[in-house]
Amino acid sequence: MKERLQQQLEEAIRALLAEAGDAGEIPAVALEIPRQKEHGDFACNAALLLAKRLGRKPREIAEALVEALGDAGGLVDRAEVAGPGFVNLWLAGDRWRDVLRGILEVGRSYGGSDEGAGVRVQVEFVSANPTGPLSTGHGRQAVLGDCIARLLEFRGFDVTREYYFNNGGRQMRVLGQSVKARYLEALGVAAPPPAAVLADPEKSWVDEVGGLPVQFPADGYQGDYIVELAEALCAEHGDALVGEPAEAIFREVAEKQIFAGIRATLDALGIHFDVYSNEKTLYDEGKLDAVLEDLRAVDLIYESEGAVWLRGTTLGLDRDRVMIRSSGEPTYLLPDIAYHREKMERGFDVVVDVMGADHIDQFPFVREAMSALGYDAGRIEMVMHQFVTLTRAGRKVKQSTRKATIVTADDLLEEVGGDVFRFFMIERRADGHLDFDLDLATERNWNKNPAYYVQYAVARTHGIERTAADAGLAMPGADDFDADRLNLPEELEVMKKLGEFPELVARAAAAREPHHLAYYLRDLAGLWNPYLQDGTRHRVVSDDAGRTAARLGLVLAVRTVLTNGLALLGIAAPERM
RNA sequence: GCGCCGGUAGCUCAGCUGGAUAGAGCACCAGGCUUCGAACCUGGGGGUCGGGGGUUCGAGUCCCUCCCGGCGUGCCA
């Protein structure tokens, strides 16, 4: 619809330019839906853009444009010049109604496209290391990444969801040590670390067991989940593991169990990854050494103070960074670079890295290193998101790692449910902070909750279908009704909104900004729920068979769009609530 | 100090490549259920779009500058 109008418009502009002896390019005119509906269905600013170039008054040009456009091949009912020189266009009424047929014909794929056909995209997200349960921030990232993936799939891209984690480095050793210390504590052979030690990250705690020192690491993991892991080991193995090194069974069991917990959380959110990658594999396959050699070959590596450094300054960055510590252990940077090289080698056309604000510092180094290694770093995108804060009873919920007052993604999920969790997490732009309002999310009067508001709009369409079925009526097919019977202004409003959906999806996908969907759905439901409220003026199932069929068509179209939109957010579209 | 991200109604936030009179939810006030679903709806009050300058026919949107907040600036993760 809009495309056709745009085409007509450009032709008219071309004609206008030709008349003035101007054979240049036509400007990128905006054809947009005005905020005020008194300004028509579409408004065009072409005359304003051309004024200087043609040396004529904008309104004059606008008049000429209106004349040249005519009825735009039957699309336009009325056109007028307004304000400083806008051309406001009113579409012929039946053109809006075409939207309904279009929706019913394609149904579930309305809003989708094949623009991404043959393009392989990897979306990497969550990527939390298996050292503890997912935080609310990870929860946000999980929903964000999944929704981006869903959007891209809907636009025809070949999407791989991937989770990468570091399991080879120092933090996993600390994890093993933490579990072992708690294990000995559970056995009763070691004392728990004093509170003063736990409160000070610089201090470590040492106890003697069988003449050997056992240490709770200074930066050990303090969460209750570590204690629980240790107690489970104690119950299963008794004291048989006392002589085992922390790096062996303790570390392995912890990684396995914690990772299982993470996957359970993701499962509960309906999020499934295609590929799990980890640092250890890269290490075992020699990928870390290889990347180091190749970076050395282009003179980006040097040694200093016993550590191996990447020359960030040569790459145009503000500093150099350590790749391998003087202890011999790599930092995160080296495996990250090796991992991204793998992404390139695996042939993805586009790589989207979703990451929290605290990780973005690393990104330019990875990107520039890719470039230096001869890859097209332009294929690598970053989507950054800020943190999540919780508000309960009008106050910020204080969270502290040290005091173990962390609210996990699981806690939150249990409290509000998956649909609300997803809606609230995706509702805001990723690059702003997210204030998760628990009062609103757990509101007993569900009507205040925007997630339910949209779902309710869907449920009502099913209620109408049930009523229709009771009257012996089936939902109509695309050609089974006369859309001209829908001529109330509020019906046209709904149809216009439905018509915007494909462009909205395209924009959200291209910009990797799923939050637009949440607002769109809220808006559409905000037209639809009031429409249904007026049961006399807008009664769908009535004695008027023709109008009933047309309105059932509208009901089905609205449901289709709401359902498609909710699916892109991973939220259920219920038949009843 | 430097870098990134924010600052829009009492609160939480939308605002597409610059467009006309800046929107929504919550909160607050006043109303509405013999209704295909009231988990809903109708109406109302409420704004120096952080401050200042600039570009433009036109700026919440672009540029400069300052202020405020978050994050980063580790041989932490």
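Chain identifiers are assigned alphabetically (A, B, ...) following the order of the sequence lines, protein sequences preceding nucleic acid strands; residue numbering begins at 1 within each chain.
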- [ ] Respond yes when some side-chain nitrogen or oxygen of A:Arg460 is under 4.0 Å from OP1 or OP2 of B:A38, and no when none is.
- [x] yes

- [ ] Please list residues of residues 421-435 of chain A whose heavy atoms come under 4.0 Å from any atom in RNA chain B, ordered by number; otherwise none.
- [x] A:Arg428, A:Arg429, A:Asp431, A:His433, A:Asp435

Task: Interface with RNA chain B, restricted to residues 301-314 of chain A and to heavy atoms under 4.0 Å - done: A:Ser304, A:Glu305, A:Ala307, A:Trp309

Open item on the list: If I pick the P atom on B:A30 and the same atom on B:C11, what distance separates them, to the nearest angstrom?
Closed with: 23 Å

Open item on the list: Tell me the interatomic distance from A:Asp437, atom CG, to B:A27, atom C1', rounded to whole angstroms.
Closed with: 11 Å

Open item on the list: With hydrogens left out and only the distance checked, is there a donor-acceptor pair under 3.5 Å joining A:Asn45's side chain and the base of B:A20?
Closed with: no

- [ ] Return the residues of residues 319-327 of chain A meeting this criterion: a heavy atom under 4.0 Å from some atom of RNA chain B. Order them by number, or give none.
- [x] A:Arg319, A:Val322, A:Arg325, A:Ser326

Open item on the list: Measuring only the C1' atom in each nucleotide, how far is B:G58 from B:C41? A whole number of Å is fine.
Closed with: 38 Å

Open item on the list: Between A:Glu381 and A:Arg367 (salt bridge meaning N to carboxylate O under 4.0 Å), is one present in this structure?
Closed with: no

Open item on the list: Measuring only the C1' atom in each nucleotide, how far is B:C33 from B:G37? A whole number of Å is fine.
Closed with: 11 Å

- [ ] Would you kindly give the CD-to-C1' distance between A:Glu575 and B:G37, to the nearest whole Å?
- [x] 14 Å

Open item on the list: Determine whether the aromatic ring of A:Phe86 stacks with the base of B:A20, defined as ring centroids separated by less than 5.5 Å and ring planes inclined by less than 30°.
Closed with: yes

